[in-house]
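In what follows, chains carry the letters A, B, and so on, assigned in the order in which the sequence lines appear, proteins first and then strands, with residues in each chain numbered from 1. Any value given below was found using the heavy atoms of this structure, including those in side chains, with hydrogens, waters and symmetry copies removed.
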2 protein chains.
Amino acid sequence: MPTQTKENYLKAIYYLQQRNKTATISELAEEMQVNKSTVTEMIKKLADRGWVDYQKYKPIRLSELGQVEAAQIIRKHRLTEMFLVDIMGFGWEEVHEIAEEVEHLKSESLFDRMDRLLGFPDADPHGSPIPAKNGELYRRPYKALSNYRVGDTLRLKAVIDNTDSLLAMLTDKQIGLGTEFNIKKVEPFDKSMVVDYRNCEGITLTHEVCRRLMVEQIN
Amino acid sequence: MPTQTKENYLKAIYYLQQRNKTATISELAEEMQVNKSTVTEMIKKLADRGWVDYQKYKPIRLSELGQVEAAQIIRKHRLTEMFLVDIMGFGWEEVHEIAEEVEHLKSESLFDRMDRLLGFPDADPHGSPIPAKNGELYRRPYKALSNYRVGDTLRLKAVIDNTDSLLAMLTDKQIGLGTEFNIKKVEPFDKSMVVDYRNCEGITLTHEVCRRLMVEQIN
DNA sequence: ATTTTTATTTAGTACAACAAAAATAAAAAG
DNA sequence: CTTTTTATTTTTGTTGTACTAAATAAAAAT
């Protein structure tokens, strides 16, 4: 059974792999805010327990086992977030921190019950998919809003790299999952977008924001 | 901030104090299933941090601070149990283990939210009182069913020393909080009681059971 | 007053998580 | 293809938590 720290390493590798197919010692050291030597040591331990495939000086990848282990932690995290929002009434910008703690609980029955009470949801409150218990995950092929152009109509399906402050801003602007955007203008200078949605017109979203809004096209 | 282990020591001292006004090294060693020397060492650390009043060879007591600290853990435990039963639909015999884990979470807002959703309950699903955040606790003056005699009518208000198997047995016998008992007979030989309740008549409860059923008299 | 019980001290183990500095390997640049 | 740079690993060492066994001391009981 991994400790909390080891679980956090597994998560970090999982996310890095998702971005870059692979993880490096340096990336992990940056991510975990520790010395590279600490990471090397830790990776050896994870390799010993069969959670990562590792040969020295080579990039790191999760093993089958580690993949499942990591996915289960992420499953717990995302189920918890969904539970906190849907059942307990928290705002979507409040739940990440709490879920960071709860995801390390061992009681499987707790998470199974959440799952059932929520009707076996397939995404968390930010639209991130919830892995199955066996580690499988259906990733939807959404693209970022920043990839579209004037005239396109898009529905918000997920927010990635979501920090509390980003989510709070979106809430403030009345943007949530399901919101439908019409792109009115794209500024060539800074790639910011002017969009309409709901009863809001001519709202400017910076590129930094648009990069994080994952949408599906509906026209 | 206490570690999980230290929190468990605080709880253990709290419970022992409740029974005996005070806790000893030996009792704690037995309770925590560790060597006495381990306990001595740990108690010194707790004393250093101001959670227990301790002089060597003398009995141990929680300090004001330790009292509050312990009460808060117990608050979290009991709120969690209540939440698991009332909101999540677990049976009262299923929740102790889960709550043992959840009680160590640091997110205050989670427990505050549980509290609110439950309507600020004053007892857990087994009738044990829930401490306030400041550590205060209103202990009701219930007595054990075993203290009463033939002809008395009693309402079940709490189950103490509740193990999962005891609770499962009570559920099986259709006994729950609020159940009203009529004492029909008390066997002098083994102090077992024959009682009527609901639609059940002539049910025998051993002394071991009756000692753990805390009741109020209603006639 | 001596024995027994209980508690403490001492000395040590094991493990987790970390870092600094030196050594080494791999990759990039010349 | 050698040199330089960068990335990684090794070595050595720290800190903290939780624990034990054996020796000793204090308190309680006979």
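Each of Q33(A) and I25(B) was assigned the nucleotide of DNA chain C with the nearest heavy atom; the assignment lying further toward the 5' end belongs to I25(B). Both K56(A) and N35(A) sit near DNA chain C, but only N35(A) has its closest nucleotide nearer the 5' end.
Listed pair T40(B) / dT8(C) meets the phosphate criterion, a side-chain N or O lying under 4.0 Å from OP1 or OP2. Not one side-chain nitrogen or oxygen of T3(A) sits closer than 4.0 Å to the OP1 or OP2 atom of dA16(C). In terms of phosphate contacts, Y57(B) brings no side-chain nitrogen or oxygen within less than 4.0 Å of OP1 or OP2 of dT5(C). Within the structure, a side-chain polar atom (N or O) of K44(A) is placed less than 4.0 Å from OP1 or OP2 of dT10(D). At the phosphate of dT5(C), neither OP1 nor OP2 sits under 4.0 Å from any side-chain N or O atom of S26(B). Distances shown here put a side-chain N or O of T38(A) below 4.0 Å from the OP1 or OP2 atom of dA19(C).
A salt bridge does not link E31(A) to K11(A): none of the charged nitrogens lies less than 4.0 Å from a carboxylate oxygen. A salt bridge does not link D53(B) to K58(B): none of the charged nitrogens lies less than 4.0 Å from a carboxylate oxygen.
What separates CG of D48(B) from P of dA18(D) is a distance of 14 Å, to the nearest Å. Taking atom CD1 of residue I60(B) and atom C1' of nucleotide dA7(C), one finds them 10 Å apart after rounding to whole Å. Rounded to whole Å, atom P of dT20(D) lies 13 Å from atom NZ of K36(B). Atom-to-atom, CD of Q55(B) to P of dA27(D) comes out at 11 Å; the value is rounded to the nearest Å. Here the P atom of nucleotide dA17(C) and the CG atom of L28(A) are 15 Å apart, to the nearest Å. Protein atom CG of L46(B) is 11 Å distant from nucleotide atom P of dT17(D), rounded to whole Å. Nucleotide dC18(C) holds its C1' atom 17 Å from the CD atom of E30(A), rounded to whole Å. When the C1' atom of dC18(C) is taken as reference, atom NZ of K45(A) falls 9 Å away, rounded to whole Å.
In this structure, of dT9(D), dC18(C), dT20(D), it is dC18(C) that holds the atom nearest to the side chain of Y9(A). The side chain of K6(B) lies closest to dA18(D) when the candidates are dT9(D), dC19(D), dA18(D).
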**Message:** Evaluate R75(B) against D115(B) for side chain to side chain contact (heavy atoms under 4.5 Å, CB included), listing each step before the verdict.
**Reply:** CA-CA 10 Å; R75(B) 172 176 176 267; D115(B) 202 7; 3.4 Å; yes
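Within the nucleic acid shown, S37(A) comes within 4.0 Å of at least one base atom, counting heavy atoms only.
At most 12 heavy atoms of other shown residues, nucleotides or ligands fall within 6.0 angstrom of atom CD in E30(A). Taking a 6.0 Å sphere around CD of E97(B), one finds it holds 12 or fewer heavy atoms contributed by other residues, nucleotides or ligands.
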